[in-house]
Amino acid sequence: MREKEASSPGLVNPSPMPLVDEAAKWAMEAMRNQQWQEAAQRWAVLQHAYPDEAMVWIQAGICHRQLGNLAMAQNLLESAVERFPGRPAGILELTEVAYANNDTSRVAALLEQARERFPNHMPVLLKSAELEQRLGHPADAERYNVQAREQFADHPQPWVQYAELAMQREEWSLALSRWVEVRQRFPEHPAGYNRAALAAEQAGDVRHARRLRLAREYGQKWLESFDEPSQTEKQALDDKISPPTRRHWLAFIDLIWTKARLNLKSEASQNYLRYLWWVIDPLLYMSVFYLVFGMLLNRGGEGFVAYLLTGLVPFQWFAKTLQQTSNSIVSNKGLMNQVHISPLFFPLVGIVQNSGKQLLVFFMLGIFLVFYGLPPTVHWLAFIPVMLVQLFLMAIFSCTLAMLVPFVRDLTNLIPTGIQFMLFCSGVFYSASIIPEQWRSLFFLNPMANILYQYRLILIEHQWPDWQGLGWVLLGCLLGSVLLFWLYRRVESVLPRVVIE
Amino acid sequence: MMAGVQRVATSVVSKPMANQAKENFGTQALGEVIISLEAVGVRYKRRGGLLRKPDYFQALQGIDLDIYRGETLGVVGRNGAGKSTLLRLIAGIIKPDSGTITNHGVSVSLLALAAGFDAELPGTDNAIFSGMLLGYTRRQVEARLDDIEAFSELGDFMHQPVKTYSSGMRSRLGFAVAMYMTPDVLLLDEVLSVGDKEFRKKAEAEMMKKLHSDQTVILVSHSEAQIDRVCDRKIEL
């Protein structure tokens, strides 16, 4: 097809002669495909059409040399030299024919002739260097190469030859350093990478070889960054970050604190009123109780709303935290399998997050109490230790549940009921004094009942808390926490698998 | 699916020349063993409970593997061959059901992109938290925030919620955070394919730098060609 297209203008239709470059493509294509016979025929055709072009003679000579018709090649090239005395290409191709005849002395003669006639011609110098190298005169080869490099510093060929000369002598480290020079001058030249990789491989440095091959894609700069790290990189190396095998506990606390804060921020950013909700929510909540119990039903006697809220507000803190954290480990299964982190992290974040919001709720409760006619006394100071003990207690409950839920998922179904049960057992709606004496110690075995009782002592009765009762809860929590730490260490590497099973 | 199919790791030292380091182009000889796995097996429970006999899926079995300091080890295998499980084992996230893993005192971490990102929060907050999760201290990650912003090429988006990002932008941020991490052993699970073409090239170049420095790297990839291109040694699961 293509052949026809290319041949038709020149041969069938004689009127417009195509340019020689156009016509040459036709023959060159056959050469590119190494169809030498075909190419030789095409050049023969072109010889008739363009007898004044050096190319057609020389290329035809090359084709014949490739075919092994050395005499024919020689004839063609010699006539090229004769017809075009200003072009060195003919002589240079003749050297190839002489090489094919194993006639190095003829090559030497030809090159000498070429050097006389074309003293500053790069291919002549390169060929001369090549010949000297073949003849085993490396010093002479280097001398011609130096000339070529000095006169044609902008051309890659002399530099590539410079490295190749070392390669041929199997001086790999010298070759590698010469390839570096090639890459620096001609970063786009593939030989600088591919051939250098070969040299590295020969030198036994497989990794360097691989690096060189990759550098073909990533560039010389990338490669250089290994040898001499830049100033910024040096600095980055100085304070490079190697993660600890186990996180320092302070870093762990910082992580919890950061995550809790970010969660609050994230939560707030999803609403129009943002952080205002943290005030509105408890306000609405307390208003409902005030309306229903204080005004509509008017039940429970004097001060019942205050009594109810001082129990309900801390209890809600407990309930919400437990609900939110019980499933925290399961819902973070993706993260657990990505990074090495103690599973304690997940429930603790929920606790801190909820506690942050709860501080505002407590603040609102305080304001409510003042308006309700229960002004603050010095006993309110004890609110802080009671709150901290509750926080501790919640942490124990939450972490225990969060650890158990991955093993027994069914537990999640029991949690709402469990919280309801707790609500009724903790004396939110009634006073401990209505419980018969013989059951009262059993009632106070429930730590939440104990804690709610303490809040009321402080806020309503204006008394100091029952330190002894609080102490027992604290002791229980301490023992619980030791046990929990131990258990968490044990299940740390089990949980990431359990959560995805 | 493939219950009870036994898979044996065949450890192939693909470059016998590795021991013949000569001259001074960086040492090639396999260094000391830093982590070794012996007859390691992991199975996952597929179903089962109180009333039913549990049914297990053997993800890994009989894996013997030594990891040398400074090498780049490639892990190839089909989907479900246990590649990710192997990395989790080496990272110490999970423990094997049988066999032992000995870590000779090196820090190992899995390069997790976009770990713990919260879509509602801006890129800066996410970068800080994600960095801290990976093991930076807050100060370290804050000091690098400008670099992270520059490398991820997010510009103003850095201060916008991550939910407004495209998936490519997300992974760019994730990569920029993670790339400063230099544990003794770095585990890469298919991370060399993030973002758009331009960024991928940049990310890959940066990763290759790690692969070719003295860092020990274990690389998991579907692409065997990629493994051959960059690894000293490969194993097939």
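By convention in this document, chain letters (A, B, ...) are assigned in the order of the sequence lines, proteins followed by strands, and residues within each chain are numbered from 1.
- Using a 4.5 Å heavy-atom threshold, the side chains of B:Leu219 and B:Leu73 count as separate.
- Residue A:Phe345 touches chain B through its side chain alone, counting heavy-atom pairs closer than 4.5 Å.
- A:Gln338 places none of its side-chain heavy atoms less than 4.5 Å from the side chain of B:Leu113.
- For residues 121-128 of chain B, the interface with chain A (any heavy-atom pair closer than 4.5 Å) comprises B:Leu121, B:Pro122, B:Asp125, sorted by residue number.
- Under the 4.5 Å side-chain criterion, counting only non-hydrogen atoms from C-beta, A:Leu255 is in contact with B:Phe129.
- Between B:Lys234 and B:Asp228 a salt bridge is recorded (basic side-chain N to carboxylate O distance below 4.0 Å).
- For A:Ile500, the part sitting under 4.5 Å from any heavy atom of chain B is the side chain, from C-beta outward, and nothing else.
- The existence of a salt bridge linking A:Lys320 and A:Asp281 is confirmed by a sub-4.0 Å separation between a basic side-chain nitrogen and an acidic carboxylate oxygen.
- The residue among A:Gln270, A:Arg261, A:Met336, A:Glu492 with the most heavy atom pairs within less than 4.5 Å of chain B is A:Gln270.
- Between A:Trp278 and A:Tyr275, the ring center distance clears the sub-6.0 Å criterion.
- For A:Arg213, no part lies near chain B; criterion is any non-hydrogen pair under 4.5 Å.
- In this structure, no portion of A:Glu267 lies under 4.5 Å from any heavy atom of chain B.
- Annotation: side chain of B:Asp97 is not in contact with side chain of B:Val40 (no heavy-atom distance under 4.5 Å).
- The OG atom of A:Ser266 lies 5.0 Å from the CD atom of B:Glu120; values are rounded to the nearest 0.5 Å.
- Between chain A and the options B:Leu186, B:Leu110, B:Leu133, the largest number of non-hydrogen pairs under 4.5 Å is found for B:Leu133.
- Here the side chain of B:Tyr44 pairs no donor or acceptor atom with the backbone of A:Val498 at under 3.5 angstrom.
- Proximity to chain A involves both the backbone and the side chain of B:Ala115, based on heavy atoms less than 4.5 angstrom apart.
- In this structure, CZ on A:Arg497 lies 15.5 Å from NZ on A:Lys333, to the nearest 0.5 angstrom.
- Residue A:Leu262 touches chain B through both its backbone and its side chain, counting heavy-atom pairs closer than 4.5 Å.
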